Amino acid sequence: MKIAITGASRGIGRTIATTLAAPGRHLHLHARRAESLAEVASEAQQRGAEVTVHGAELSDKEQVRRLAEAFGRLDLLVNNAGVGGHEKYAWETSPEELEETLAVNLLAPLILTSAAISYAEDQGVRIVDLSSGSAVTDTEKSADYWISKTALMRLGGCIDKAGRERGVKIFEIAPGVVATDMTAAMRAHDGRTEWTSATEIADIIEAVATGELDALAGCHMRAGTDTLAELRARAARGVGSEERRLRLTPWAD
């Protein structure tokens, strides 16, 4: 199994990488600087995975296109990398600041996802977008971040609608609020004492990788709210056409 994970050198991405590392898997790990992946690559190799590391700046479309070519044919793409935005009122956010956030949080996943689907042809591919509660709520500040995550989920909905016949399975998975360098820099989380464990999101993605949650493709899930046991039960039961789709429809029960 060939798996690519962006933003894998630290935080949630690193936990996803080490959780998915196993014999028979080839992990393509990305970070801005390839040398920053040395520790996580070593740990993944110790767990039995083959590892290739890549350095690329996701705000640069040409670098993202070259990264997609280096990934090649994938079984699973995890669009984990993201930036936290500028924490300003919408009317204070400049077009340039919005463009900066959209470049990493939306356009890079678009390029990588499009390439993964193209390389897969009709053989199918699983794609995970690290979504956010920001995709389905409003905010006083951080408009650019909220916009980027909302747009990413809309992109996922469009891909789900058009890609099912090609074997494309896309999952929008919000990690909850995990203690990372990015959340530490966000004033919105000042004073927070309750955090979601990165292992919760990683375990859900592992279940995606094995195909256990294929019935939930095209759904929005949230670590810390949806437990893995509940998601497995829902996948086994089957879900209705209006359950938690990427329009944020509710579960039926």
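Just so we're clear, the structure is a prediction, and the values are computed from it rather than from any experiment. Along the sequence shown, residues carry numbers from 1.
Panel note: side chain S142, backbone Y145; no donor-acceptor pair is recorded below 3.5 Å. Side chain of D226 to backbone of R222: a donor-acceptor contact under 3.5 angstrom is found. When atom types are taken as modelled, the side chain of D60 and the backbone of E62 share a donor-acceptor pair closer than 3.5 angstrom. Under a 3.5 Å cut-off, the side chain of E57 and the backbone N or O of S59 do form a donor-acceptor pair. Not one N or O on the side chain of D122 forms a donor-acceptor pair closer than 3.5 Å with the backbone of R166. Side-chain atoms of S42 never come within 3.5 Å of backbone atoms of A38 as a donor-acceptor pair (strictly under, hydrogens ignored). Here the side chain of S94 pairs a donor or acceptor atom with the backbone of E97 at under 3.5 angstrom. Although no hydrogens or angles enter the test, the distance criterion places a donor-acceptor pair under 3.5 Å between the side chain of T18 and the main chain of T15.
Contact check for H220 versus R245: no side-chain heavy atoms found under the 4.5 Å cut-off. Side-chain atoms of L58 and H30, non-hydrogen and from C-beta on, do get closer than 4.5 Å to each other. Looking only at side-chain heavy atoms (C-beta outward), M221 and L231 come within less than 4.5 Å of each other. You'll find the side chain of T150 stays beyond 4.5 Å of the side chain of S134, heavy atoms only. Side-chain contact between I159 and I117 is present, with heavy atoms from C-beta onward closer than 4.5 Å. Between R14 and E39 the shortest side-chain heavy-atom distance falls below 4.5 Å. In this structure, the side chains of I5 and L76 stay at 4.5 Å or more apart for every pair of heavy atoms. N80 places a side-chain heavy atom less than 4.5 Å from the side chain of I12.
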Check: Does the side chain to side chain contact (heavy atoms under 4.5 Å, CB included) test come out yes or no for V83 and N105, once each step is laid out?
Finding: CA-CA 7 Å; V83 294; N105 292 1; 3.6 Å; yes
Notebook entry, point to check: When you look at V64 and T6, which way does the side chain to side chain contact (heavy atoms under 4.5 Å, CB included) test go after all the steps?
Noted result: CA-CA 11 Å; V64 179; T6 62; over 6 Å; no
Next item on the list: May I have the step-by-step check of side chain to side chain contact (heavy atoms under 4.5 Å, CB included) for L67 and L112, ending in yes or no?
Entry: CA-CA 8 Å; L67 179 64; L112 295 174; 4.2 Å; yes
Margin query: If you apply the rule side chain to side chain contact (heavy atoms under 4.5 Å, CB included), what do you find for W146 with D138, and how did you get there?
Written below: CA-CA 7 Å; W146 258 248; D138 294 320; 5.6 Å; no
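Between E50 and R25, none of the side-chain N atoms (NZ, or NE/NH1/NH2) sits under 4.0 Å from a carboxylate O, so this pair counts as no salt bridge. We find that E172 and K149 are not joined by a salt bridge, their nearest charged nitrogen and carboxylate oxygen being 4.0 Å or further apart. Residues D144 and K88 are not paired through a salt bridge, judged by the lack of any N-O separation under 4.0 Å between the basic side chain and the carboxylate. Between R47 and E43 there is a salt bridge, with a side-chain nitrogen of the basic residue lying less than 4.0 Å from a carboxylate oxygen of the acidic one. Classification of K169 and E212 as a salt-bridged pair fails, no side-chain N sitting under 4.0 Å from a carboxylate O.
How far CD of E87 is from OG1 of T93: 10.5 Å, rounded to the nearest 0.5 Å. Note that CD1 of I127 is 11.5 Å distant from CG of D75, once rounded to the nearest 0.5 Å. In this structure, CG in L77 is found 10.5 Å from CD1 in I3, a value given to the nearest 0.5 Å. Separation of atoms OG1 (T210) and CE (M1) is listed at 7.5 Å; rounding is to 0.5 Å. One finds the CZ atom of R73 at 8.5 Å from the CD atom of E121 (value rounded to the nearest 0.5 Å). How far CZ of R33 is from OG of S9: 8.0 Å, rounded to the nearest 0.5 Å.
Other cluster members for Y89: W91, joined by side-chain heavy-atom distances under 4.5 Å among Ile, Leu, Val, Met, Phe, Trp and Tyr.
Minimum interatomic distance between G156 and I170 (heavy atoms only, all atoms of both residues): O-CG2, 3.5 Å. Scanning both residues, P109 and L152, for their nearest heavy atoms gives CB-CD1, 3.8 Å. Nearest heavy atom pair, residue A44 against residue L27, reads CB-CD1, 4.1 Å. What you find for A17 and L29 is that their closest heavy atoms are CB-CD2, 3.8 Å. Annotation for V104 and G82: closest pair CG1-CA, 4.0 Å, computed over non-hydrogen atoms. Of all the heavy atoms in L20 and A202, the pair that sits closest is CD1-O, 4.1 Å.
E35 CD: more than 12 foreign heavy atoms inside a 6.0 Å radius. Around the CZ atom of R65, the shell of radius 6.0 Å holds more than 12 heavy atoms that belong to other residues, nucleotides or ligands.
Proximity of the aromatic rings of H26 and H28 is defined here by a centroid distance below 6.0 angstrom, and this criterion is met. Under the 6.0 Å cut-off for aromatic ring centres, H54 and F71 qualify, their centroids lying closer than that.
Looking at T199, T19, L213 one by one, the single match for side chain to side chain contact (heavy atoms under 4.5 Å, CB included) with E206 turns out to be T19.
Checking H86 against E92 by side-chain atom types alone, no donor-acceptor pair falls below 3.5 Å. Between the side chains of T113 and N79, at least one donor N or O lies within less than 3.5 Å of an accepting N or O.
Both L228 and F171 belong to a common hydrophobic cluster when Ile, Leu, Val, Met, Phe, Trp and Tyr are linked at side-chain heavy-atom distances under 4.5 angstrom. The cluster map of Ile, Leu, Val, Met, Phe, Trp and Tyr, joined by side-chain heavy atoms under 4.5 Å apart, puts Y119 and V125 in different clusters.
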